[in-house]
There are 2 protein chains.
Amino acid sequence: MKTMTKVKGASALPLNQIMGGDCVEVMNSLPENSVDLVFADPPYNLQLKGDLHRPDNSKVDAVDDAWDQFSSFAAYDRFTRDWLKAARRILKPNGAIWVIGSYHNVFRMGAELQNQGFWILNDVVWRKSNPMPNFRGKRLTNAHETLIWASKQEASKYTFNYEALKSLNEGVQMRSDWVLPICTGHERLKDENGDKAHPTQKPESLLHRIMVATTNPGDVVLDPFFGTGTTGAVAKKLGREFIGIEREEAYRQVATKRIEKVRKFDKESLVVSASKRSEPRVPFGQLVERGMLRPGEVLTSLNQRYSAKVRADGTLVANDVKGSIHQVGAALEGAPSCNGWTYWCFKREGKTVPIDLLRQQIRAEMTERPN
Amino acid sequence: MKTMTKVKGASALPLNQIMGGDCVEVMNSLPENSVDLVFADPPYNLQLKGDLHRPDNSKVDAVDDAWDQFSSFAAYDRFTRDWLKAARRILKPNGAIWVIGSYHNVFRMGAELQNQGFWILNDVVWRKSNPMPNFRGKRLTNAHETLIWASKQEASKYTFNYEALKSLNEGVQMRSDWVLPICTGHERLKDENGDKAHPTQKPESLLHRIMVATTNPGDVVLDPFFGTGTTGAVAKKLGREFIGIEREEAYRQVATKRIEKVRKFDKESLVVSASKRSEPRVPFGQLVERGMLRPGEVLTSLNQRYSAKVRADGTLVANDVKGSIHQVGAALEGAPSCNGWTYWCFKREGKTVPIDLLRQQIRAEMTERPN
DNA sequence: CGTACAGTTGAATCAAGCC
DNA sequence: TGGCTTGATTCAACTGTAC
């Protein structure tokens, strides 16, 4: 499973491995412009003070690990600046980053992302379906965490599997608020004492959605705060390559064992719905060439207001306007643009049908018998 | 309605008025430590570029006003620093602030709040039930905005009406994600041409919840970006005092007219509006009346530890405790509160099921046949 | 007086490829 | 890098008119 891949003649990329040490140093040792996605779940800088007890007086096992202690906002900002800078260097120009945090740290991360030139695409709310209640009744139940999705730069052509996410959401656009349960039950890793192995283990469903949305199979996903390896486990399942960095030896061991057990899904189940743009392009003229529309035939607009005549070269004429199906539609509507395929209709057996139906027929044939 | 109130011998406070001019200057003219709550909806610094058209080629009426133009992040940060500093000076030591923003500006506001010594209590997600879709299918539908609730300092004894919020949320703790519709329909103020009077008018339901949660009647609420006066309208309804600051004369006029028309709720209707629930309330007694549960039937707790007997009047008895399903559950568990709907279970055909199932059945019926 | 249907709209950092 | 061509893309709620 472990592999070393050459990247454009640069130094090797340690795929599907968990590296020890400081994440900034490790990232700086990797070649620049080599990673497709960074997912980062850095320490939240919680600054908890006393112990917290539940109404039944049991103690809440809160995050009080040494790695979550920062002396000041300035120290946390330095830390954030350093690891984000290192992450940005190794990202491909069209790469993207996801960070997750709570109100303790996410505002500082978001501001620093913008300062460094990352381009924020969405902030996403992970709405926990089963959050910890607020035992003291002094605030609102803190029932969500915030993720930020940003491309390396404004001009990046980032990956977004729009149709796949739409499918995940019963056929309507995926929103920026995601309802997912926190990590519990069998998924929650325990140590030999039965205590949770890591205080902030993220659910695999969250990483699953992120990777389906913003990576393709074979992409390299780097996680600089690997913890118990949720990113690696999901990457392996989904046929992505991962690079993990984790300072704590104990976490590396847990993660290694965990990922070994994971099986990759079969290829078929990994295929996601493609965007319409990736479908083969069909010139309108082909409909005339094939005899699906006759030269001289009259098309009508979807709103019935206009009509235009088909010419032998695949252009339309209406009054004094002529040109492509898109140009003529736009001109008649006085609109800046127009999708002629869904705008123009023809008549068959008394019914009025958009010409896009004919394009779909051609595409179907192309799929059955490629060339 | 307009009044001037002396504050501990300091200069006067211009209550229930809309002041013109720059909000920093106006705030600096007010006495320090004099305001209970600041609500601020500052420009979001959207930096939009070209026009955006819908699939039907209609143009999206986006925010392109001069007041939302900043030359850089640095300029926006200066602006944020200045108005937050002025707001903090006039806040009482136990005062608090709410700010609202999107991913364009909220990270910068959140970081600056922390830098100035405000103590963040919650970040709250306003999940829009009817957001604008993403027309190009290039990102997630931006379906939420973020609010930050912070006290003036860590030591502040801020106001939080825990029980009122709990009532608003069907008897369970209010979470940090609020589902509310955007401002449309009759609530949306129009100008003489029928266009929206202000591009970013907030719904009154949002301000209603904020003021019920974090102010008491008679408190002074200041809004430095008053716009069309949603804060003032809701404050008047709820018996709070407001101070508005708005630079644009046109908005001040609209807001003045709007607030004149608002009538303060009488005490009784205040109670009603405070207990408004999104789903119809079903009293436990109705389950008994309807024969879904028999008097004398024994309910068991979710954890199997306790049992209680149903009485004809819709109360429970267990050992020496009697009362509502919530009270008895809380008493037995030694907990401050208990959601009896999910805590108590009954048996049907050998299975143990929470009584909430029965409530859901009733609600479903109510939806089918209102009344 | 309801119901059905067509039309409108909301804080948006919103295209991609070729020459 | 800029201009031109092609052509991809929408959900929920409210409003007004027709029936």
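Labels below follow one simple rule: chain letters A, B, ... track the order of the sequence lines, proteins then strands, and each chain is numbered from 1.
At D/dA8, one or more side-chain N or O atoms of A/Arg359 fall inside 4.0 Å of OP1 or OP2 (strictly under the cut-off).
Applying the salt bridge (Lys or Arg N to Asp or Glu O under 4.0 Å) test to pairs two or more places apart or on separate chains, those with a residue in residues 191-209 of chain B are B/Asp41-B/Lys202, B/Asp61-B/Lys196, B/Glu204-B/Lys237, B/Glu204-B/Arg258.
Listed nucleotides C/dA12, D/dT9, D/dT6 differ in distance to A/Arg281; the shortest reach to its side chain belongs to D/dT6. For B/Arg136, taking side-chain heavy atoms from C-beta onward, the closest of the listed nucleotides C/dA11, C/dA15, D/dG7 is C/dA15. Closest to the side chain of B/Pro55, out of C/dG17, D/dT9, C/dG10, is D/dT9.
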For nucleotides 4-6 of chain C, tabulate all protein N/O to nucleotide N/O atom pairs closer than 3.5 Å, reporting atom names and distance.
none

Hey, what are the protein-to-nucleotides 14-19 of chain D N/O distances that come in under 3.5 Å?
residue : atom : partner  : partner atom : Å
D/dT15  : OP1  : B/His186 : N            : 3.1
D/dT15  : OP1  : B/His186 : NE2          : 3.4

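A donor-acceptor contact under 3.5 Å is not formed by the side chain of B/Lys138 with the base of C/dA12.
Between the side chains of A/Thr214 and A/Trp149, no donor-acceptor pair of N or O atoms lies under 3.5 Å.
The 5' end of DNA chain D is approached more closely, in terms of each residue's nearest nucleotide, by A/Pro336 than by the other of A/Pro336 and B/Asp56.
Taking a pair as Watson-Crick or G-U with both hydrogen-bonding distances under 3.5 Å, the stems of three or more pairs touching DNA chain C are C:2-10 with D:11-19, C:15-19 with D:2-6.
Every salt bridge (Lys or Arg N to Asp or Glu O under 4.0 Å) that A/Asp177 has, sequence neighbours left out, goes to A/Arg175, B/Arg127.
Remark: B/Asp41, B/Pro42, B/Pro43, B/Tyr44, B/Leu46, B/Gln47, B/Leu48, B/Gly50, B/Asp51 in residues 38-51 of chain B come within less than 4.0 Å of DNA chain C through at least one heavy atom.
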